[in-house]
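Below: the structure, in C-alpha cells.
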Amino acid sequence: MTRNLIDFIDITPDEFDGLYWLFEDIMHSPHDYRDEARGKVSANLFYEPSTRTNLSFQTAMLRLGGSVIGFSDPSSSSVAKGESLKDTIAMMSNYADAIVIRNPMEGAARAASLYSRVPVINAGDGGHLHPTQTLADLCTIRMHLGKFEGLNVGLCGDLKNGRTVHSLIKALSRYPNVCFYLISPEELKIPDYVRHFMDIHNQKYIEVTSLHDTINCLDVLYMTRIQRERFSCPNEYDRLKNAYVLERAMLKEAREKMLILHPLPRVDEISVDVDDDPRAFYFDQARYGMYMRMALLTIMLRHRASNPEPVPIGGCTCKNPKCVTQSEIYLPPLTHEIDGITYCSYCDKQI
Ligand code: NCD
C-alpha cells in the first residue's frame, strides 16, 4: 500500500477493501493485534486543535502495543522558535516510525512527506483534505448500508472549508451511480477544484441551498459545522453560522434507513434531540475511526525507513494565500495538469 497517506486517492478501491477487512477483524478481535506495533513509535504533530483525530491516533497506536510522541500545541515545541516544517519533519522522522500531521496550511502533509524517512499520514491540512476521517466515514457507510454504489449522499454545511467533505467526495466518486446533494449557502459552496474533479469523473451532483427540500431522497446525510477558524471576517461567520440546524422533527421526512453522519465536533448544526434517533451514527463513526486507524497504522508501519530523495529548493508560483508554499518558501514547485489546466499539487488550487 501507499507509503504516505496524503490524499484519499492514494488508496486504491482494492486497498480500501483490504483495509476494511482488517478494520473489521481488529474491531472483533482487538487482542490479536495488541503486539502489532510493539517497539514502534508514532509522532503525532498537531499544529491545529484536535480531539478525535489526535486521540484516536494515539489510542490506536497504544492499543497496537506501540508508543506515541509529539505535540498538540506547537507553541510548546521548536516551531515557536521559528523552525521550518522541513527541519521539524527531518528531525521527527529520525525519532519515529510514522508521522501523523495536522497543520493549518493547505498541502502541508504533502510538503512534509518530501522530507520524511518514514510514512506521513495527513490528519488534516487546512481546509483542504482529511483522508483518515474519510476512512472512518466509509467504514460507517459500508457497515450500515453494505455498499456505496447508487447512494444519494447529502453533504450539508460549510462545503467550502470542510476538508472532510472534500476527501469524502473524492473517495465516493470512485463508486458507480453515487449522487451528491451539495447543500450549502451560496458563500460556502464547494471549491472549484473539487467541482472540476467531479466534472472530469462524470460524477452526478446537484448544488442546492435547502436541507428541508432535499432530506427525503437521501441515503446518507453528512452534516458539517461552519468552520469559524477559516473565516477572515467574523461578521460573515456570525451571519452564516446557523445556516443549517438538523432537528428531530425534520427526520419525519427522511428515509427510515438514512444514516446521519458528522465528523464532529458538532456546534449547533445537529440538535441534541437527534442523538437518540436510530439513524444518528456520528458517535459510532468516531469509534470506527479508531479501529480504522489501528488498521491503517498496522499497514503503514510495515514500510521501512529510508532517506528521502534530494528535493530542489524554492521556486513555487502558487498564489493561494493558504498554500503551504506561502509560508515554507523553500518548497519546490509541484504541479499536475488536468484537461490542460495546471494545478498546484500541494493545495490543488489552479496555478
Ligand atoms: C473535522 C476536522 O478537523 O476537519 N474533525 C475531525 O477531524 N473529526 C471536522 C471539523 O473540525 O469540523
Side-chain angles (χ1 to χ4, degrees), residues 5-8 42 44-61 70-74 100-109 121-141 153-171 182-185 188 190-191 194 220-231 237 240-246 259-270 275 280-294 296-297 322 324 347-348:
L5 176 54
I6 307 299
D7 185 336
F8 194 84
S42 82
N44 287 14
L45 312 183
F46 278 69
Y47 295 74
E48 267 196 335
S50 170
T51 303
R52 266 149 297 274
T53 307
N54 191 359
L55 295 183
S56 69
F57 262 116
Q58 286 192 35
T59 187
M61 193 64 186
F71 53 78
S72 51
D73 175 5
V100 178
I101 181 170
R102 168 171 289 191
N103 188 286
M105 300 306 283
E106 299 180 7
I121 300 175
N122 184 3
D125 57 334
H128 184 218
L129 296 169
H130 193 348
T132 69
Q133 179 61 45
T134 301
L135 285 171
D137 304 340
L138 293 192
C139 287
T140 315
I141 296 173
V153 179
L155 300 155
C156 179
D158 188 346
L159 307 189
K160 178 179 173 199
N161 301 302
R163 54 193 170 196
T164 63
V165 167
H166 308 158
S167 287
L168 186 56
I169 287 178
K170 282 187 155 182
L182 304 174
I183 311 159
S184 75
L188 298 178
I190 205 84
V194 181
V220 176
L221 172 58
Y222 193 91
M223 294 297 293
T224 62
R225 93 189 147 88
I226 309 293
Q227 307 266 309
R228 184 178 53 193
E229 67 278 27
R230 315 259 178 243
F231 281 68
Y237 169 73
L240 295 169
K241 67 181 180 193
N242 292 324
Y244 301 101
V245 181
L246 179 67
L259 299 187
I260 307 167
L261 304 185
H262 192 308
L264 303 175
R266 148 178 67 184
V267 186
D268 293 318
E269 59 283 350
I270 301 183
D275 295 357
F281 280 95
Y282 27 93
F283 295 116
D284 299 284
Q285 188 184 354
R287 182 160 43 86
Y288 301 149
M290 177 189 72
Y291 290 116
M292 184 35 118
R293 289 180 173 111
M294 288 174 76
L296 181 68
L297 285 168
K322 296 178 178 171
V324 66
C347 68
D348 282 314

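Indexing begins at 1, ligand by ligand and atom by atom, following the structure's order. Because the structure is predicted, anything quoted here is derived from the model rather than measured.
- The closest side-chain donor-acceptor pair between D348 and H128 falls under 3.5 angstrom.
- The atoms of ligand 1 that sit less than 4.0 Å from any heavy atom of Q133 are 6 (C), 8 (N).
- Listed by number with element, the atoms of ligand 1 under 4.0 Å from a non-hydrogen atom of Q227 are 10 (C), 12 (O).
- Closest protein heavy atom to atom 8 (N) of ligand 1: P263 O, 2.9 Å.
- Between the CZ atom in R102 and the CZ atom in R163 there is a gap of 4.0 Å [rounded to 0.5 Å].
- In terms of heavy atoms, P185 sits closest to G157 at CD-O, 3.8 Å.
- The N/O atoms of E229, backbone and side chain alike, include none that comes under 3.5 Å of an N/O atom in ligand 1.
- Side chains of Y288 and D137: no donor on one and acceptor on the other come within 3.5 Å.
- For the ligand labelled ligand 1, residue R102 lies inside the 4.0 Å heavy-atom shell.
- At a threshold of 4.0 Å, the pair D268-K241 does not count as salt-bridged, since none of the basic side-chain nitrogens sits closer than that to a carboxylate oxygen.
- Evaluation of the ring-ring contact (aromatic ring centres under 6.0 Å, His included) rule for F281 yields H144 as partners, not counting sequence neighbours.
- The protein heavy atom nearest to atom 9 (C) of ligand 1 is L264 O, 3.6 Å.
- One option in R225, R163, E48 has a heavy atom closer to atom 10 (C) of ligand 1 than any other, and that option is R225.
- For G162, the heavy-atom gap to ligand 1 stays at 4.0 angstrom or more.
- Taking every heavy atom of H130 and a limit of under 4.0 angstrom, the matching atoms of ligand 1 come to 2 (C), 4 (O), 6 (C), 7 (O).
- Here F231 pairs with Y237 under the ring-ring contact (aromatic ring centres under 6.0 Å, His included) rule; sequence neighbours left out.
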